[in-house]
Amino acid sequence: MSSSPERPTATRPDASVVIAIDGPAGSGKSTLSRALAERLGIDRLDTGAMYRSVAWAVLRDGVDPVDQEAVAALARNLDIMVGGTVVADGIDITEAIRGPEVSATVSAVAANPDVRAVMVTRQRSWVDARGGGVVEGRDIGSVVLPDADLKLYLTASPEVRAARRSEEGAEALARRDRLDSTRAVSPLEVPPGARVVDTGALEVEAIVEQVLAWL
Ligand code: DC
């Protein structure tokens with residue numbers, strides 16, 4: 001696809017470009033979104049870290065993860081900063097949110113429609129404040145940013161994804177993907193108009209070049 005004067009070129013940093021990246025756990029979203037953001041000189045938002053922060057707070061406060069109202073209230077009041085580090089209510093939880101307890105709890109929290117409403121509003125504000133960015137998650141191209149300049153859906157075989165998430169374990173990973181793909185609200189799906197990329201077959205740099213050519 002060639003670039004038009006109104007659209008960013010593949011080599012010129014343009015803060016106004018919006019790239020939505022979705023895919024299951026271990027599909028390579030974080031690696032690719034980091035590489036793209038760096039190459040384009042724009043910011044990146046890991047929306048999974050936002051849901052993980054809510055799950056962390058649920059565990060901290062001893063709230064029942066399926067108590068919809070209590071978890072929604074907690075999400076509304078939780079101060080979350082996601083960047084190079086993840087900070088919630090002033091506490092650095094960058095490492096804690098990658099632990100097995102949070103991973104086992106996050107899908108229940110993310111299935112809560114009230115929690116999603118809060119997170120989607122914050123994610124859109126994040127993009128509005130910058131005029132663009134690379135945003136990764138499960139519902140970015142389908143719900144959060146359906147008008148993104150480019151939508152990507154990443155895949156990789158279950159074996160490749162499990163190897164990338166060896167600390168979580170293949171079974172827990174498969175369970176989380178099943179919950180994320182079958183929930184009633186904003187399930188993981190290939191967004192309309194998304195380009196599907198198998199990240200198991202190519203090096204990151206090759207994928208970056210391909211994606212930049214699509215802009
Ligand atoms: O990207 P991740 O594996 O860190 O995401 C953690 C969980 O958060 C994932 O299992 C589902 C949920 N999630 C979501 O429901 N919607 C998003 N946009 C991002 C993540």
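- Between atom CH2 of residue W56 and atom CD1 of residue I91 there is a gap of 4.0 Å, rounded to the nearest 0.5 Å.
- Of all the heavy atoms in V144 and Q123, the pair that sits closest is CG2-OE1, 3.3 Å.
- A salt bridge links D43 with R130; the closest basic N to acidic carboxylate O contact falls under 4.0 Å.
- A salt bridge links D139 with R116: the closest approach of a Lys/Arg side-chain nitrogen to an acidic carboxylate oxygen falls below 4.0 angstrom.
- When side chains are defined from C-beta on, R195 does not count as touching K151, because their heavy atoms never get closer than 4.5 Å.
- Remark: R44 CZ to I21 CD1 distance equals 8.5 Å, nearest 0.5 Å.
- A salt bridge links D89 to R60: one of the charged nitrogens lies within less than 4.0 Å of a carboxylate oxygen.
- Closest heavy-atom contact between A156 and T199: CB-OG1, 3.8 Å.
- The shortest non-hydrogen separation linking K29 to G23 is NZ-O, 3.0 Å.
- Residues L188 and Y153 have side chains in contact (heavy-atom distance under 4.5 Å, counting atoms from C-beta outward).
- Between R52 and D46 there is no salt bridge, since none of the side-chain N atoms of the basic residue sits less than 4.0 Å from a carboxylate O of the acidic one.
- Side-chain N/O atoms of D92 and T85 include no donor and acceptor closer than 3.5 Å.
- Using a 4.5 Å cut-off on side-chain heavy atoms (C-beta onward), D147 and V18 make no contact.
- S103 OG to R165 CZ: the interatomic distance, rounded to the nearest 0.5 Å, is 8.5 Å.
- When side chains are defined from C-beta on, V86 counts as touching S53, because their heavy atoms get closer than 4.5 Å.
- Inter-residue side-chain proximity for R175 and E171 is flagged as unmet; no heavy-atom pair is nearer than 4.5 Å.
- When all heavy atoms of A111 and V185 are compared, the pair lying nearest together is O-CG2, 4.4 Å.
- No continuous path of ILVMFWY side-chain contacts below 4.5 Å connects I140 to I19, so the two sit in separate hydrophobic clusters.
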Query raised in the report: After noting the C-alpha distance and the side-chain angles of V208 and Q210, does the key distance pass the side chain to side chain contact (heavy atoms under 4.5 Å, CB included) rule?
Result: CA-CA 5 Å; V208 167; Q210 174 63 83; over 6 Å; no
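- The OG atom of S27 sits 8.5 Å away from atom CD of E136, with the distance rounded to the nearest 0.5 Å.
- Looking at E189 and S181, their side chains never bring a donor and an acceptor atom within 3.5 Å of each other.
- Looking at R183, its side chain does come within 3.5 Å of a backbone N or O of S186 through a donor-acceptor pair.
- Grouping the Ile, Leu, Val, Met, Phe, Trp and Tyr side chains by contacts below 4.5 angstrom, directly or via other members, places W214 with L212.
- D114 is listed as a side-chain neighbour of Q68, based on a closest heavy-atom distance under 4.5 Å.
- Counting heavy atoms from C-beta on, the side chains of T155 and R161 never come closer than 4.5 Å.
- By the 4.5 Å heavy-atom criterion applied to side chains, R164 and L173 are not counted as neighbours.
- With rounding to the nearest 0.5 Å, the separation of CD1 in I42 from OG in S16 is 8.5 Å.
- No continuous path of ILVMFWY side-chain contacts below 4.5 Å connects M119 to V134, so the two sit in separate hydrophobic clusters.
- Residues L145 and L45 fall within the same hydrophobic cluster, defined by Ile, Leu, Val, Met, Phe, Trp and Tyr side chains chained together at heavy-atom separations under 4.5 Å.
- A salt bridge links E168 and R176; the closest N-O separation between the charged side-chain nitrogens and carboxylate oxygens is under 4.0 Å.
- Of all non-hydrogen atoms in G141 and D22, the two that sit nearest each other are N-OD2, 2.8 Å.
- For the residue pair V63 and A70, the shortest heavy atom distance occurs at CG1-CB, 3.8 Å.
- Residues V82 and Y51 share a single hydrophobic cluster, defined by chaining ILVMFWY side chains whose heavy atoms lie under 4.5 Å apart.
- We find that R39 and E209 are joined by a salt bridge, their nearest charged nitrogen and carboxylate oxygen being less than 4.0 Å apart.
- Atom CD1 of residue I93 and atom CE of residue M81 lie 10.5 Å apart, to the nearest 0.5 angstrom.
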